[in-house]
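First up is the structure itself, then whatever we jot down about it.
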Amino acid sequence: MILVTGASGTVGREVAGMLAARGRPVRLMTRSPQALRREGGIPGTEVVRGDFDDPDSLAAAFTGIRAVLLITTDPLRPDHDVRAIEAAQAVGVRHVVKLSALAVLDPLARDLITRWQRANEELLLSSGLGWTVLRPRAFMSNTLSWAERIHTGRPIPVLDPHARTACIAPQDLAEVAVLALTDPAHQGHAYALTGPEALSATDQADRLEQVLGRRPLLETVGADLVREHLLRRYPEPLADALIASQLRQAAGAKAEVDPTVAALTGRPATTYRQWAADHAAAFAR
């Protein structure tokens, strides 16, 4: 059986749905099984409660599991990965597929989030467990946060509208994760995963206008104002890390395109325009 943590999140849901569609036995771990079921759940899967703050719940969730997709989301809680690895070791899990980030390969990336991901990778690689590390660039789905401003005609604040990043479609990342979880040949590999082109916010606005028939308005703002917006959603250490990440993007650190998605899946990586067309209804909501 395969365990998917972070099952209610963007990547976890994609992976779980793909595994279930292939007839693989899947267990979904979430802090709130009731909420996941209210959202429609994922047919053909088992749902269990699991919380990285509760070692007993992890022990129950990991028991009987061969491979785990490990997704943790709080850089302020490095103990979450520690507990997950300990639970996997205790019950004989054979393979952990870890969601990391491509920034770990950039020696100039020293922000809190990148340091946390590097430490998570080191923890897994020294654990004695079979491992695969997935290192994606930013998700195309991040631009869904623009939807409300697009509909109301309000400008979207961006630090640099021309800074490019080779963002990836979550379903492409999920497809690679499924391959890693189901084929032992992927053990011992770390994969850099990007989309097929490096796009700026201006480029993304162009594609969205083609799909939605309405052009997002972009407003260039300074780092102080971006930080002010981020502080409304995140603790100060995370806001500062996200600003540092945006500044590295503005310096060109995220524009490299990697061919690994196409090499592993046997098809071209999804373009941003394709992804936007597939999710036009989500922008409407």
Side-chain angles (χ1 to χ4, degrees), residues 1-12 15 27-31 48-139 173-174 176-193 234-235 237-238 240-242 244-245 260:
M1 178 171 277
I2 296 170
L3 176 67
V4 176
T5 71
S8 60
T10 300
V11 176
V15 171
R27 181 181 296 165
L28 310 183
M29 188 184 99
T30 175
R31 286 182 297 177
V48 300
R49 179 187 173 277
D51 190 327
F52 292 117
D53 289 327
D54 181 356
D56 290 339
S57 75
L58 293 181
F62 280 58
T63 296
I65 294 299
R66 179 190 61 80
V68 175
L69 176 64
L70 179 57
I71 302 174
T72 52
T73 58
D74 190 349
L76 300 178
R77 295 299 306 271
D79 54 317
H80 286 179
D81 278 84
V82 173
R83 290 190 182 122
I85 295 299
E86 289 175 346
Q89 291 169 322
V91 300
V93 169
R94 292 186 228 163
H95 186 197
V96 175
V97 177
K98 171 63 183 169
L99 183 59
S100 183
L102 194 46
V104 300
L105 298 180
D106 183 352
L108 298 180
R110 305 184 187 97
D111 61 89
L112 170 69
I113 296 172
T114 305
R115 296 198 311 271
W116 167 69
Q117 292 287 27
R118 287 194 186 107
N120 290 341
E121 289 193 14
E122 292 169 5
L123 176 68
L124 176 58
L125 269 59
S126 64
S127 69
L129 298 166
W131 58 269
T132 307
V133 174
L134 309 180
R135 295 169 174 160
R137 193 55 87 194
F139 298 164
L173 171 58
V176 173
V178 168
L179 292 173
L181 289 163
T182 57
D183 186 347
H186 295 287
Q187 289 194 29
H189 292 275
Y191 294 125
L193 304 169
Y234 301 104
L238 294 189
D240 289 341
L242 292 169
S245 177
T260 300

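In this text, all values refer to a predicted model and were calculated from it rather than measured experimentally.
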> Does a side-chain heavy-atom distance below 4.5 Å link N120 with S100?
Replying inline: no
>> Once side-chain contact (heavy atoms from CB on, under 4.5 Å) is applied, do any residues pair with P237, and if so which ones, sequence neighbours excluded?
In response: L76, L112, P235
>> Taking salt bridge (Lys or Arg N to Asp or Glu O under 4.0 Å) as the cut-off, I'd like each qualifying pair that reaches into residues 178-192, sequence neighbours left out, listed once.
In response: none
>> Checking T73 against H80 for the side chain to side chain contact (heavy atoms under 4.5 Å, CB included) test, could you report, in this order, the C-alpha distance in whole Å, the side-chain angles of both residues, the deciding distance, and whether it holds?
In response: CA-CA 9 Å; T73 58; H80 286 179; over 6 Å; no
> Are any side-chain N or O atoms of T114 and backbone N or O atoms of V104, one a donor and one an acceptor, separated by less than 3.5 Å?
Replying inline: no
>> Once ring-ring contact (aromatic ring centres under 6.0 Å, His included) is applied, do any residues pair with Y191, and if so which ones, sequence neighbours excluded?
In response: H186, H189
> Looking at CG of L3 and CG of L69, how far apart are the two atoms once the value is rounded to the nearest 0.5 Å?
Replying inline: 8.5 Å
> What residues, two or more places apart in sequence or in another chain, satisfy side-chain contact (heavy atoms from CB on, under 4.5 Å) together with S127?
Replying inline: I85, Q89, L124, L129
> Could you give the distance from CG (L102) to CZ (R137), rounded to the nearest 0.5 Å?
Replying inline: 4.0 Å
> What distance separates T260 OG1 from L193 CG, expressed to the nearest 0.5 Å?
Replying inline: 6.0 Å
>> For a quick test of reading the model, state the closest non-hydrogen atom pair linking T30 to S8 and the distance between them.
In response: OG1-OG, 4.2 Å
> Tell me, which pairs form a salt bridge (Lys or Arg N to Asp or Glu O under 4.0 Å) where one or both residues lie in residues 100-114, sequence neighbours left out?
Replying inline: D106-R248
>> With side chain to side chain contact (heavy atoms under 4.5 Å, CB included) as the criterion, how do D74 and F52 come out once you've worked through the C-alpha distance, each side chain's angles and the decisive distance to 0.1 Å?
In response: CA-CA 11 Å; D74 190 349; F52 292 117; over 6 Å; no
>> Going by side-chain contact (heavy atoms from CB on, under 4.5 Å), name the residues that satisfy it together with L242, two or more places apart in sequence or in a different chain.
In response: I113, L230, Y234
> Out of curiosity, T72 OG1 to Q117 CD, how far, rounded to the nearest 0.5 Å?
Replying inline: 6.0 Å
>> Just to verify, what does S245 make a side-chain hydrogen bond (donor to acceptor under 3.5 Å, both in side chains) with, not counting sequence neighbours?
In response: K254
>> Can you give me the closest heavy-atom contact between A84 and L58, atom names plus distance?
In response: N-CD1, 4.1 Å
> Can you pull the salt bridge (Lys or Arg N to Asp or Glu O under 4.0 Å) pairs that have at least one residue in residues 113-136, sequence neighbours excluded?
Replying inline: E121-R135
> Can you pull the ring pair (Phe, Tyr, Trp, His ring centres under 6.0 Å) pairs that have at least one residue in residues 85-133, sequence neighbours excluded?
Replying inline: none
> Heavy-atom count around R49 CZ within 6.0 Å, excluding the residue itself: above 12?
Replying inline: yes
>> Run the side-chain hydrogen bond (donor to acceptor under 3.5 Å, both in side chains) test against T63 and tell me which residues pass, sequence neighbours left out.
In response: none
> A138: what forms a side-chain contact (heavy atoms from CB on, under 4.5 Å) with it, not counting sequence neighbours?
Replying inline: N142
> Between atom OG of S57 and atom CE of M29, what is the distance when rounded to the nearest 0.5 Å?
Replying inline: 6.5 Å
> Under the salt bridge (Lys or Arg N to Asp or Glu O under 4.0 Å) rule, what pairs show up with a residue in residues 80-105, not counting sequence neighbours?
Replying inline: D53-R83, D79-R83, D81-K98
> Do V91 and I65 pass the side chain to side chain contact (heavy atoms under 4.5 Å, CB included) test, and can you show the C-alpha distance, the side-chain angles, and the key distance before you say yes or no?
Replying inline: CA-CA 8 Å; V91 300; I65 294 299; 6.0 Å; no
